[in-house]
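In the text below, chain A, chain B and the rest are named by the order of the sequence lines, each starting its count at 1. All values below were derived from every heavy atom in this structure, side-chain atoms included, with hydrogens, water molecules and symmetry-related copies excluded.
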Protein chains: 2
Amino acid sequence: MSMINIGEAARQSGVSAKMLRHYEQIGLIEPATRSDSGYRLYTPAAISTLIFIRHARDLGFSTAQISDLLHLRNDPQRASSEVKSVAEDHLQELHEQQQRLTQMISMLQEMISQCPGGNNPDCAILKKIDSMEAS
Amino acid sequence: MSMINIGEAARQSGVSAKMLRHYEQIGLIEPATRSDSGYRLYTPAAISTLIFIRHARDLGFSTAQISDLLHLRNDPQRASSEVKSVAEDHLQELHEQQQRLTQMISMLQEMISQCPGGNNPDCAILKKIDSMEAS
DNA sequence: TTTCAACCTTGACACTATGTCAAGGTCAAG
DNA sequence: CTTGACCTTGACATAGTGTCAAGGTTGAAA
């Protein structure tokens, strides 16, 4: 009943066929059952899982974190605090990335604002990079 | 006169010995001269270049962009507008990253705020990941 | 002078997440 | 039966960095 091939699974889930094979290989997902000729076959439940994975990936979760989330998703005995903890750890990482990014942006913006551009070789940006101190 | 080995060059520049070899191999920097026994020897000018590279890396420039910047840095005929253009392209990328990050953070924050935590298996975060639509 | 530690060399393999390409098997339609 | 679209596995690539192994070098102490 309604088992689909890898290409269709990729289309429906938004995860590439390549990544479906990869996720299977690293054990993130259960190996798909195979047709007589060896083609992978995906059930609707498997597709739901794949969509979950893609969404988690869109939120920037690492493969390891997604693995944790999948286990929790499959576990009816889970404590929602465990899920929350994974999410909070990730949020923390995202905040740190954001801070680093904001730092880079402000430094770069200042450098750019001090460079008049044009044909003059004298360039504030190059000088600043030479002399800057990392935050 | 004051040629130093790779370990000392790494210490002075903040670029690891491994990366010094790597940058040489990919052609980002000129091959270092060698001692009789084959050790790489770095001049003070080379160290300045390495410090420049580290700073550029701290600003998030890619290796390819750093390569461009190094060429411009070495070219007395450069137009500062060229440097500015590289910097502006990078700034643009950083802004895009920042937007993606901000999106992720706000989605994640909303999910987290809707999950009470505790031992209850009922988890808003998992549900939201299942049903979310990527921005 | 021998020895030992600390350094250097190259090369290989690892990571993350994804793409691409090649050589070959399969399926469905004409 | 051929053709095209699909599937298979495996290998290699990306970017930036780390680690490990096997071996040569250097300088200082014994």
NA contact type, B/R40, heavy-atom cut-off 4.0 Å: base, sugar-phosphate, or nothing?
sugar-phosphate

Is a side-chain donor or acceptor of [X] paired with a backbone partner of [Y] at a separation under 3.5 angstrom?
| X | Y | result |
| --- | --- | --- |
| B/E8 | B/N5 | no |
| A/R78 | A/L72 | yes |
| B/R54 | B/S13 | yes |
| B/E24 | B/A32 | yes |
| A/H90 | A/L59 | yes |
| B/S85 | B/S81 | no |

[X] has an atom [atom1]; how far is it from atom [atom2] of [N], in whole Å?
| X | N | atom1 | atom2 | answer |
| --- | --- | --- | --- | --- |
| A/L28 | C/dC15 | CG | P | 15 Å |
| A/Y42 | D/dC6 | OH | P | 16 Å |
| B/R34 | C/dT9 | CZ | C1' | 8 Å |
| A/I6 | C/dT26 | CD1 | P | 17 Å |

Can you name the ring pair (Phe, Tyr, Trp, His ring centres under 6.0 Å) partners of A/Y42, sequence neighbours left out?
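Partners of A/Y42 by the ring pair (Phe, Tyr, Trp, His ring centres under 6.0 Å) criterion come out as none, since no residue qualifies.
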
Show every donor-acceptor pair shorter than 3.5 Å between a side-chain atom in residues 15-22 of chain B and any protein atom, with sequence neighbours excluded, or say none if there are none.
| residue | atom | partner | partner atom | Å |
| --- | --- | --- | --- | --- |
| B/S16 | OG | B/M19 | N | 3.1 |

For B/N119, does the CG atom sit with more than 12 other heavy atoms under 6.0 Å from it, leaving out its own atoms?
no

Using a cut-off of 4.0 Å between protein heavy atoms and nucleotide atoms, how would you tag nucleotides 16-21 of chain C 5' to 3' with B, S and -?
-SBBB-

Results of side-chain contact (heavy atoms from CB on, under 4.5 Å) for A/D122 - residues two or more places apart only:
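Checked A/D122 against side-chain contact (heavy atoms from CB on, under 4.5 Å); matches are A/N120, A/K127.
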
Using a cutoff of under 3.5 Å, can you pull out all pairs of nitrogen or oxygen atoms linking the protein to nucleotides 22-25 of chain C, with atom names and distances?
| residue | atom | partner | partner atom | Å |
| --- | --- | --- | --- | --- |
| C/dG25 | N2 | A/Y39 | OH | 2.8 |

Helix axis bend for the helix from C/dT1-D/dA30 to C/dG30-D/dC1 - C1'-based end axes, five pairs, 10° rounding
30°

